[in-house]
Amino acid sequence: QVQFVESGGGSVQVGGALRLSCAPSGRTSGHHPMGWFRQPPGKEREFVAAINSNGFNTYYSRTVKGRFTISRDNAKNTMSLHMSNLKPEDTAVYYCVADPDRISYDPADWGYWGQGTQVTVSS
């Protein structure tokens, strides 16, 4: 089973920016939809963004649209999340996900998950 490894998390001040990256830890075959979920402290996991297999279509939650940008490099089979104008409510563990039957807000619909990377936004 393919798993993914996230990197790029850390601490940033309000209004700052971070770039998260996701890479496979096992052998992959072809390209699939990918995305990001996050889990704020004490809350359930929530959808952040997704991108289809060829990278032409992207999807964002209302709270991050206009501030976050999802992208992928199919030659390297990697995916990135560029986050700007970060707010305290963006503090969460961010997870790379892949291969749903459909692009979905429901975490149960995504088959592959990374280990998560912590993002902390403070003044």
Side-chain angles (χ1 to χ4, degrees):
Q1 181 175 326
V2 176
Q3 298 293 327
F4 294 89
V5 178
E6 303 95 336
S7 62
S11 297
V12 65
Q13 295 184 33
V14 170
L18 284 174
R19 179 184 178 182
L20 306 183
S21 295
C22 175
S25 61
R27 186 170 60 186
T28 60
S29 179
H31 303 291
H32 306 275
M34 299 183 71
W36 295 90
F37 281 76
R38 68 186 183 187
Q39 186 168 18
K43 299 181 180 180
E44 62 185 10
R45 293 179 180 181
E46 64 184 27
F47 174 80
V48 176
I51 188 166
N52 74 339
S53 59
N54 59 25
F56 292 166
N57 296 315
T58 57
Y59 309 84
Y60 299 93
S61 69
R62 181 183 59 82
T63 57
V64 309
K65 190 173 184 178
R67 300 187 298 117
F68 291 12
T69 301
I70 189 171
S71 62
R72 67 189 299 159
D73 183 342
N74 282 349
K76 299 179 179 180
N77 202 27
T78 57
M79 181 184 62
S80 296
L81 184 70
H82 298 259
M83 306 182 293
S84 63
N85 193 24
L86 284 161
K87 304 176 179 180
E89 54 263 41
D90 295 319
T91 295
V93 176
Y94 284 71
Y95 297 92
C96 172
V97 298
D99 198 21
D101 291 336
R102 288 178 165 83
I103 299 292
S104 174
Y105 302 122
D106 188 346
D109 289 336
W110 296 81
Y112 300 101
W113 290 72
Q115 85 286 356
T117 187
Q118 177 70 47
V119 171
T120 302
V121 184
S122 62
S123 298

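These numbers come from a predicted model, not from an experiment.
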Exercise. Kindly write out the residues that satisfy salt bridge (Lys or Arg N to Asp or Glu O under 4.0 Å) with Arg38, not counting sequence neighbours, or none if the list is empty.
Key: Glu46, Asp90
Quiz prompt | Heavy-atom side-chain proximity of Ser7 to Thr117 below 4.5 angstrom | solution = no
Quiz item: For Ser53, does its backbone N or O pair with a side-chain atom of Asn74 as donor and acceptor, under 3.5 Å?
Solution: yes
Exercise. Output the distance between atom CD1 (Ile70) and atom CG (Asn57), rounded to the nearest 0.5 Å.
Key: 11.5 Å
Practice problem: Please list all pairs passing the ring pair (Phe, Tyr, Trp, His ring centres under 6.0 Å) test where one or both residues lie in residues 81-102, with sequence neighbours left out. | Solution: Tyr95-Trp113
Exercise. Using the test side chain to side chain contact (heavy atoms under 4.5 Å, CB included), find all partners of Thr120 that sit at least two apart in sequence or belong to another chain.
Key: Ser11, Thr91, Gln118
Self-check item: Contact summary for Ala17 and Ser84, nearest pair of heavy atoms
Solution: CB-CA, 4.0 Å
Quiz item: Who pairs with Ser122 by side chain to side chain contact (heavy atoms under 4.5 Å, CB included), at least two apart in sequence or on another chain?
Solution: none
Quiz item: What is the minimum heavy-atom distance between Pro33 and Ile103, and which atoms define it?
Solution: CB-CD1, 3.6 Å
Exercise. Kindly indicate whether the side chain of Met34, heavy atoms from C-beta on, has any atom under 4.5 Å from the side chain of Phe4.
Key: yes
Quiz item: Can you check whether Cys22's main-chain N or O pairs, donor with acceptor, with Thr78's side chain at less than 3.5 Å?
Solution: no
Practice problem: Drop me the distance from Leu81's CG to Thr69's OG1, to the nearest 0.5 angstrom. | Solution: 8.0 Å
Self-check item: Met83 CE to Arg19 CZ distance, which is reported to the nearest 0.5 Å
Solution: 11.5 Å
Practice problem: Identify the two heavy atoms, one from Gly9 and one from Val119, that lie closest to each other, and give their separation to 0.1 Å. | Solution: CA-CG2, 4.3 Å
Quiz item: Does Trp36 offer a backbone N or O that forms a donor-acceptor pair with the side chain of Trp110 under 3.5 Å?
Solution: no
Self-check item: Heavy atoms from other residues, nucleotides or ligands near CD of Gln13 exceed 12 (cutoff 6.0 Å)
Solution: no
Quiz item: Within the side chain of Glu6, is there an N or O that forms a donor-acceptor pair under 3.5 Å with the backbone of Gly116?
Solution: yes
Quiz item: Among pairs that include at least one residue of residues 38-70, which meet ring pair (Phe, Tyr, Trp, His ring centres under 6.0 Å), considering only residues two or more places apart or in two chains?
Solution: Phe37-Phe47, Phe47-Tyr105
Practice problem: Nearest 0.5 Å please: distance from the CG atom of Leu86 over to the CZ atom of Arg67. | Solution: 6.5 Å
Self-check item: From His31 atom NE2 to Met79 atom CE, the distance as rounded to the nearest 0.5 Å
Solution: 13.5 Å
Quiz item: Do the side chain of Arg72 and the main chain of Gly55 share a donor and acceptor less than 3.5 angstrom apart?
Solution: no
Self-check item: Closest non-hydrogen atom pair between Ser104 and Asp109, with its separation
Solution: OG-OD2, 2.6 Å
Self-check item: Partners meeting side chain to side chain donor-acceptor pair (under 3.5 Å) with Thr63 (sequence neighbours left out)
Solution: Ser61
Quiz item: Do Val5 and Ile51 share a hydrophobic cluster (ILVMFWY, side-chain heavy atoms under 4.5 Å, transitive)?
Solution: no
